[in-house]
2 protein chains.
Amino acid sequence: MRTLSPPVGLPALADTDLVGQVARVLTQAVVEGRLAPGSKVVEAGIARELGVSRAPVREAARLLEQQGLLVASPRRGFFVRKFAADDIDDIYDLRLCVERHAAVLAARNLTPETRDMLRRQIDVLHQTADLDDPARQVEEDYRFHRLICEVAANRRLLRLFDDLASELRMVIGLIGRLYDDPHEIARTHEPVLAAIEQGHPERIVAHVDYHIGHAWREVSKLVREIPA
Amino acid sequence: MRTLSPPVGLPALADTDLVGQVARVLTQAVVEGRLAPGSKVVEAGIARELGVSRAPVREAARLLEQQGLLVASPRRGFFVRKFAADDIDDIYDLRLCVERHAAVLAARNLTPETRDMLRRQIDVLHQTADLDDPARQVEEDYRFHRLICEVAANRRLLRLFDDLASELRMVIGLIGRLYDDPHEIARTHEPVLAAIEQGHPERIVAHVDYHIGHAWREVSKLVREIPA
DNA sequence: TAGACGTCGATTGTCGACAGTTTAGACTTG
DNA sequence: CAAGTCTAAACTGTCGACAATCGACGTCTA
């Protein structure tokens, strides 16, 4: 078998790596809400549906467990992670801690090239805002934040950001529509970049705090409104 | 088969979970340097040595890959992670970021009970210093820092600390003897706790910075001296 | 009728096997 | 003698199978 056929069409980056493919399909299914939180992930079922054996499915599940999308219960199998309001707080608290640091480092490493990359991404955010595609908007939002982590040039930090983002993607998938006014969200990124360009650590932290704190409160509110 | 026989006697917490056991045995082998950095981890070899099949070994390896102890090269297998000086910097940079935050949170959550736990752990550090058991000393050191993360009460933060610690354990395993004067190290923990008890964020950060920065410089120096 | 017990199907944990790929070593050639 | 080529062994990725275990349903008893 060459490429898995995900229930709904995916980029399907033609990997020869089954485990990676299965992991991607499962991740998509989770963040898109096709696998409801708390529901059981039956190895054989997934394997059959994807036309592979259970071995790659198990390994993929273990991967996603480490990523926090699934939880393993010995002898009972894997379940789609359930999020509580506490989890949101944990994630955002850590994200804030990480992104503050990333932004300060990014300011230190900033070059004309990387600065332009960040600016361009804000432009993309504005352009995407016209598209009325919430999922895309969320992705481009993360891309901006991820860029900051890339510029910070600490691989582990970047990986941590990716892990947190994948958890948040799931939460946001549950919430559904997140942004009332995408353009306004795009605008709120500008002071962050400005602070990074100016380079005062305190100012950077303050703006990152404001920006992410806003998202935190928003997501927190929505999760408390629409709980499982 | 009931309990795996690790090359050298381990606690062997009689789990019925083979994957967990294999992961523990492999971790031990790596941090104790029996598996040299860069060396290949042959699935069948490990499986044979441990009297299990390859499936649990593969899953354990995937776990350790996510933990950063092994790296996977498709179709070529797993290798014991090699550390460069850059890695040390990445790890300590992130650790500093995390522990600053943890300490500030810990101060906020501090109760008489948790304060006593931290104090007692410093006592343990002093007692251990008399034992001339470097591995144990390192473990008790981590336990103190881990306690701070526990008091901080953010599960994800705690997990991140554990991940970083497991990577550092490996590095320190490579270095061998780390502390010249264990008692002095034990003493340097005291200002950190004192700052947490007093509760001024700036002071806390300053002391954490000093304490961890010291370790950072020390480890960094030793790694640069004794590279692969 | 409510609760405890036993049975049966479904699912996981583990295993051995096979095919395709990589690697190491022998052999050839300039 | 060095470099390239070919061959064989070793290893990974994947699969299907089997035993152990868990959960649900039905049955028996008070």
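Values reported hereafter were calculated over all heavy atoms of this structure, with side chains retained and with hydrogens, waters and symmetry mates removed. If you're wondering where the values come from, they're calculated on a predicted model, not measured in any experiment. Chain letters run A, B, ... following the sequence lines, proteins first and then strands; every chain starts at 1.
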* How does protein contact run along nucleotides 7-13 of chain D, one letter per nucleotide 5' to 3', with B for base contact, S for sugar-phosphate only, - for none, heavy atoms under 4.0 Å? -> ----SBB

* Structure fact -> Hits for side-chain contact (heavy atoms from CB on, under 4.5 Å) against B:Ala215, two or more places apart or cross-chain, chain-then-number order -> B:Tyr92

* **Pairing residues for B:Arg155 by the salt bridge (Lys or Arg N to Asp or Glu O under 4.0 Å) criterion, not counting sequence neighbours** => none

* Does any residue of residues 63-71 of chain B have a heavy atom under 4.0 Å from DNA chain C, and if so, which ones, in number order? -> none

* Asked: Which residue pairs pass the side chain to side chain donor-acceptor pair (under 3.5 Å) test with at least one member in residues 61-71 of chain A, sequence neighbours excluded?
  -> A:Arg62-B:Glu59

* Partners passing side-chain hydrogen bond (donor to acceptor under 3.5 Å, both in side chains) against B:Ser220 (at least two apart in sequence or in another chain) -> B:Arg224

* Structure fact -> Applying side-chain contact (heavy atoms from CB on, under 4.5 Å) to B:Arg217 and not counting sequence neighbours gives B:His214

* To do: Among residues two or more places apart or on two chains, list those pairs meeting ring pair (Phe, Tyr, Trp, His ring centres under 6.0 Å) that have a residue in residues 145-166 of chain A.
  => A:His145-A:His189, A:His145-A:His211

* Structure fact -> Between its two end axes (five pairs each) the helix from C:dT1-D:dA30 to C:dG30-D:dC1 turns, nearest 10 degrees, through 10°

* Asked: Residues in side-chain contact (heavy atoms from CB on, under 4.5 Å) with A:Gln127, at least two apart?
  -> A:Asp123

* Walk me through it: do B:Asp89 and B:Trp216 pass the test side chain to side chain donor-acceptor pair (under 3.5 Å)? => CA-CA 8 Å; B:Asp89 289 337; B:Trp216 184 348; 2.9 Å; yes

* To do: Go through the structure and list residues passing salt bridge (Lys or Arg N to Asp or Glu O under 4.0 Å) with A:Asp86, not counting sequence neighbours.
  => none

* Contacts of B:Arg108 that satisfy salt bridge (Lys or Arg N to Asp or Glu O under 4.0 Å) - sequence neighbours left out -> none

